Amino acid sequence: MVNSALPPATDAVPAAPKIRLLDTLLANMDGMVYRSRIDTHWTMEYVSQGCLELTGYMPEDLILNKRISYDALTHPDDRERVRQVILDAIARHKRFIIEYRIVKADGEVRWVGERGIAITDPATGHAALEGFIQDIHERKRAYEALREAERRYRSIFENAVEGIFQSTPSDGYIEVNPALARMYGYASPQQLMAELYDIERQVYVDPGRRAEFLRRMEEDGVIVNFESRAWRRDGSIMWISENARVVRDEAGEILFYEGTVEEITERKQHEAAIQFQATHDALTGLPNRTLLYDRLEQAVLQAHRHGNILAVVFFDLDQFKYVNDSLGHQVGDRLLKTVAGRLKSCIRHADTVARLGGDEFVLLLADQSGEEAVTHALQRILATVAAPWFVNGTELQITCSMGVSLCPADAIDADTLLKHADAAMFRAKQSGRNNFQFFAAEMNSAVNGRLEMMSSLRRALANGEFTLHYQPKVRLATGSIIGAEALIRWRPPDGNMISPAQFIPVAEESGLIIPLGEWVLRTACAQAFAWQKAGHAPIPVSVNLSPLQLERGNVVDMVTRILSETGLAPEYLELEITESVVMREVEKSFAILEHLKTLGVKISIDDFGTGYSSLSYLRRFPVNTLKIDQSFVRNIVSDPDNAGIVKAIISLGHTLNLNVLAEGVETEEEYRFLLENRCDEMQGYFLSKPVAQDAFVRMLPARDA
Ligand code: C2E
Ligand code: MG
Ligand code: MG
């Protein structure tokens, strides 16, 4: 050895104790020290006491292959590899380290680690192996388990659909998985980490999000469902939700953050859509009633805070039912969308247009200087709405009525403002439509608001506040009375007579028209029968039917029942149905009219010319009379258009073998025109206004007259 040249140290341990010390040491070592020959058996020349513990064999069993050779002990699958590694090391004069399995005496397979080296005995010149073999089974197992766990986590990390990251407060990302890279629009994690260095600006759209993230991490150590808008690499924006925690070292210093990122853009869009649906009208996309109330309350507060005026405008289309009934709901819907668009074009950004339903809209005009400014705005709206619009190549026009209440002058709470605006709108309707009215205190009286009117109507029906007036129908050629139209009148106990034009729409809206209509029919039939019994020449009485009665009431049953109740013969009853109603649901109307016809009652089409009738339908319908709407009869003499229309209707009616009656004849000129153009019948103030039955009966000739 190298040291042999040095003089022996004086305090050297004598040889015998030295060997004993070595023996003790070897015996107590956790493993087996050996010396083996380099032969096919790995014949052991020496093994330490650890042999028993390691292999289950006594050292004597192994030495010189007494019972078993070390090669045989080696697991058959590992023998070749072990030999290779060792011979290789010998050839290269190197130490070797190798792990392999042995089969212990009891058959148990254990992992061992061996390290050794080939030594040449200077005395004999023979080479031998010297080394140390240790049981590493537990360590190996733990290591394998760890490797397996690591592999699993890696795989989760690599394949997760969620983005996973580790980042530091200062350096940005230190590790990200492919999903995160993909989500942010990078080709690979490497690209992301190379390019994305400024998380605050490159990830978060909204300033302050990164600071908020860091703050919460500092304070709570975790972050849960942290939702932010984030940039993708291409500049598009998405929504993400982050869950993360802080990882600290033993001293409590922040090492890094680790967490997950999930893209939630779709969910956010859903949420937004649901939110939008809940607060907007599906047809027009305008705010709905819910949002209107919100905005109105805000606007009231604003007005109060800044001392401004807020105008609340109740808006309702005129004759919208006409369009809907005669042109169909699709056209009606298109009109509503057009109107919504026009209203929006009339208001400023800070104002609101909301749709309450049907053809009712509400506008909130904030920050108004006074009535004059509001008037300007509303005039613009009137004009804009009234501009023609086109449907299927046809030009149509519609007007609107509006009512305005002002905050704070008229009220300072949302409900009252709306109620007042509604009352004012109702007044606008009464004053001939296509106009607007400011709220005035007297509009608050009992029957001005529609809601109040509904309850008054209910009471009126129970209290018998209705009567019928009758207007004669006359044959033009002879001047003789050939019929009477029953027209309802309402006189509330405390007030003036209210026109059916005002309350019939409200009765329809509330459904009250069904019992009311039945009352009219019964009263009119009973009256006509009474006239006959009193000895007057029998004439048919005409009763107006509301659309709702045709739609919901069982008209055929009702008519049959009432005729038999009152004893009136069916040929003395005429039912007036407005043109738009018949056209609304052609097939259904057709069936009902056919049925009525078989009962023997007569049918006339009221307000003819206003409802876009189709000629082919008209031909099919079992109708007796066309009643030309009074809007055409008016100005018949001065307005060539109207004259033309009336002439056309008369000749059309005659072609179809129908009676033609002109409504609203007020002057002698009109009468002459109609006579000349061979209109069959007429009705109007020229002859008589609708009058109470006692006045009407005086006009009736006796049976034999
Ligand atoms: P309508 O069926 O077209 O009735 C004719 C309307 O014209 C009546 O108005 C009548 O008073 C009015 N009138 C008659 N001659 C003239 C005239 O020469 N000049 C002018 N300017 N007007 C004239 P009224 O009684 O106010 O009724 C309005 C509408 O209310 C009726 O129109 C009808 O649609 C509806 N109505 C009236 N009574 C009833 C009813 O008992 N049931 C239903 N469902 N509707 C009714
Ligand atoms: Mg009528
Ligand atoms: Mg009419």
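Counting convention: from 1, in listed order, for ligands and their atoms alike. What you see is a predicted model; the values in this text were computed from it and never measured.
A salt bridge links Glu668 with Arg672: the distance from a Lys NZ or Arg NE/NH1/NH2 to an Asp or Glu carboxylate oxygen falls below 4.0 Å. Electrostatic pairing of Glu681 and Lys473 does not count as a salt bridge here, judged by no charged N lying under 4.0 Å from a carboxylate O.
Heavy-atom distances between Glu666 and ligand 1 reach below 4.0 Å in at least one pair.
When Pro500, Gly664, Ala662, Pro505 are ranked by how near their heavy atoms come to atom 24 (P) of ligand 1, first place goes to Pro500. Of the options Asn544, Val543, Ile577, Leu548, the smallest heavy-atom separation from atom 42 (N) of ligand 1 is shown by Asn544. For atom 4 (O) of ligand 1, the candidate residues are Asp629, Leu468, Leu487; the nearest heavy-atom contact is made by Leu487. In this comparison of Tyr685, Trp490, Phe503, Phe466, the heavy atom closest to atom 18 (O) of ligand 1 sits on Tyr685.
If you look at Glu485 next to ligand 1, the close heavy atoms, those under 4.0 Å, all belong to the side chain. Contacts between Gln471 and ligand 1 below 4.0 angstrom, taking non-hydrogen atoms only, involve the side chain exclusively. At a 4.0 Å heavy-atom cut-off, ligand 1 touches Asp606 through the side chain alone. Contact annotation: for Val520 versus ligand 1, heavy atoms closer than 4.0 Å belong to the side chain alone. In Pro690, the part holding a heavy atom less than 4.0 Å from any atom of ligand 1 is the side chain. Of the heavy atoms in Gln630, only side-chain atoms (C-beta onward) come closer than 4.0 Å to ligand 1. Under 4.0 angstrom from ligand 1, there are no non-hydrogen atoms of His469.
Within Asp606, the N/O/S atom positioned nearest the Mg ion (ligand 2) carries the name OD2. Within Glu576, OE1 is the N, O or S atom that lies nearest to the Mg ion (ligand 2).
Surrounding NE2 of His280 are more than 12 heavy atoms belonging to other residues, nucleotides or ligands, all under 6.0 Å away.
For Arg380, there are no salt bridge (Lys or Arg N to Asp or Glu O under 4.0 Å) partners, not counting sequence neighbours.
For the side chain to side chain contact (heavy atoms under 4.5 Å, CB included) with Phe361, the qualifying choice from Asp281, Leu292, Leu356, Leu336 is Leu336, the only one to do so.
No donor-acceptor contact under 3.5 angstrom links the side chains of Ser401 and Asp316, judged on distance only. No hydrogens or angles considered: a donor-acceptor pair under 3.5 Å links the side chains of Thr399 and Asp318. In summary, the side chains of Ser542 and Glu574 do present a donor paired with an acceptor at a separation below 3.5 Å, with no hydrogens or angles considered.
Atoms of ligand 1 found under 4.0 Å from any heavy atom of Asp607 (numbered from 1 in listed order, with element): 3 (O). Below 4.0 Å from some heavy atom of Val665 lie the following atoms of ligand 1, by number and element: 18 (O).
Ring geometry, Phe590 versus Phe621: the interplanar angle falls from 30° to 60°, so the pair is classed tilted.
Note: Trp531 and Tyr572 fail the aromatic proximity criterion, with ring centroids not under 6.0 Å apart.
Screening residues 640-658 for side-chain hydrogen bond (donor to acceptor under 3.5 Å, both in side chains) gives His654-Asp680 as the qualifying pairs, with residues at least two apart or on separate chains.
Rounding to 10 degrees gives 90° for the angle at the Mg ion (ligand 2) between OE2 of Glu485 and OD1 of Asn544.
Polar contact check, Gln549 against ligand 1: no nitrogen or oxygen pair lies under 3.5 Å apart.
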